[in-house]
Amino acid sequence: MIELHPTQPSKERITDDIQQLAAFVDSSKPGWTRRPFTSWYEQGREWLKQQMQNLGMDVRYDAASNLIGTLPGSDNSLKPILIGSHTDTVTGGGRFDGIIGVVAGLELVRVLQKVGIQLRHPLEVVDFTAEEPSEFGISTIGSRGMVNNLSEEMLLRQDPNGLVLKEAIHRAGGQPERLSQFARKSGDVALYLELHIEQGPVLEQSDKKLGVVTGIVGIHRYRVTVEGISNHAGTTPMTMRWDALTGASELILELESIARATYSEPVVGTIGKLYVEPNASNVIPGRVVFELEIRSLNVEILEQMVVVYREKANRIAEERGVHISFDSLSKSEPIRVDTEVQQVIHEACSVTASTIRLPSGAGHDGNQLSRIAPIGMIFVPSRDGRSHCPEEWTDYEDVTLGVHALIQSVLVFDQKLNS
Ligand code: HGY
Ligand code: MN
Ligand code: MN
């Protein structure tokens, strides 16, 4: 059984960090919006950098522009333990998604310094750049970059204003031309641990305070373009239309029915972003572009869904006389958390609060880090199971329980790994 270390995190400090970071937001948008590569994002990172420096950490941006604070260990020949998450949000997002994982890293350092514990391993607290789907159509940009999983094609993608991703990474402090040179490989990281809100209803419904993550879904994202013929809404008979929006609408409902089918593992499919051109009430839409994503713990299911979906798209295109094309935006693969890693986290959580094991329906930087290192995640409850909205809320008491479990886990891993 794990012995409890006298390392109590401070709810007051954690609350203060979360509230301070919540001030750096785009107030023209709903919720607490801090989109990657914006001035609000940079202001939030400046604040974070200052907190790390105040704790005596060595602070740097890596080649992918991830913000990293480092604390040396007693044996710096050992590879680092990474604690982190992300400080960017979706548009209209909340105050907790990603943020609590970075704040947990700060609090871990404060507690270690207060009780005078130096870990054997070097410790890195990481704010991964642009974990959320960015304007470049790619998510987990920083963690992809850290593990050399950003293709040249991705780096040359442009946002709607014509900014190239490579340049955005450079402006955010990275050196994109040196990504492969500085990429981390298997064995370069001892462990990656992340505290995160569940963003779903399971913990709350099962009346548990902590979740040990057993796996993280893979996410496949596509941009779909439906091209018809725009024309006058009043003079064009219904039998002479090639309406891109009604075609897209049928395609959208098809995704819902495919995702609602029964599979060996849970599946979700969503279309959350859509453009209509020319988007005028008296013009038959000539072009519709939408982004879809499908998620599952089973990659074969994801691939099979896309095959079925594209066949449906061909039928709709044929019947409606529209042209439908698919562009792959990004793929992250599903991962299972190593059972030994789960066991250590489960013991640390169980001595802290009521605990349950569960998979993550949300994607995380852990999907990328798991390509080179063992990863683990701890969840805390989301009120009403909601996230990616202004109503996103987790009690500070629960966040503190999560930080406590994370600290306990780090102390055990620090002794167990490379011993
Ligand atoms: O979309 C997700 O799953 C995560 O919140 N970025
Ligand atoms: Mn998110
Ligand atoms: Mn997140």
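In each ligand, atom 1 is the first atom listed, and ligand 1 is the first ligand listed.
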Anything under 3.5 Å between an N or O on ligand 1 and a protein N or O? List each pair with its distance, or write none.
from     : atom 1 : to   : atom 2 : distance (Å)
ligand 1 : 1 (O)  : R295 : NH2    : 2.8
ligand 1 : 3 (O)  : R295 : NH1    : 2.6
ligand 1 : 3 (O)  : R295 : NH2    : 3.2
ligand 1 : 3 (O)  : G363 : N      : 2.7
ligand 1 : 5 (O)  : H388 : NE2    : 2.9
ligand 1 : 6 (N)  : E131 : OE1    : 3.0
ligand 1 : 6 (N)  : E131 : OE2    : 3.0
ligand 1 : 6 (N)  : E132 : OE1    : 2.9

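With contacts defined as side-chain heavy-atom distances shorter than 4.5 Å, the pair V322/E250 does not qualify.
Inspection of the T87 and D127 side chains reveals an N or O donor paired with an N or O acceptor under 3.5 Å. For Y192 and E194, the side-chain atoms include at least one donor-acceptor pair closer than 3.5 Å. Counted by atom type alone, H86 and D365 present zero donor-acceptor pairs between their side chains at under 3.5 Å. Checked by atom type, the side-chain pair S65/T129 shows a donor-acceptor distance below 3.5 Å.
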For W393 and Y396: C-alpha separation, side-chain torsions, deciding distance, then whether ring pair (Phe, Tyr, Trp, His ring centres under 6.0 Å) applies. CA-CA 9 Å; W393 177 263; Y396 292 117; 5.3 Å; yes
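Around the Mn ion (ligand 2), the protein contributes the following N, O or S atoms under 2.8 Å, ordered by chain and number: D97 OD2, E132 OE2, H388 NE2.
The residues K209 and D398 are annotated as salt-bridged, a charged nitrogen and a carboxylate oxygen being separated by less than 4.0 angstrom.
Classified by interplanar angle (parallel below 30°, tilted 30° to 60°, perpendicular above 60°), the ring pair Y309/F326 is perpendicular.
When all heavy atoms of G363 and I216 are compared, the closest pair comes out as CA-CG2, 4.0 Å.
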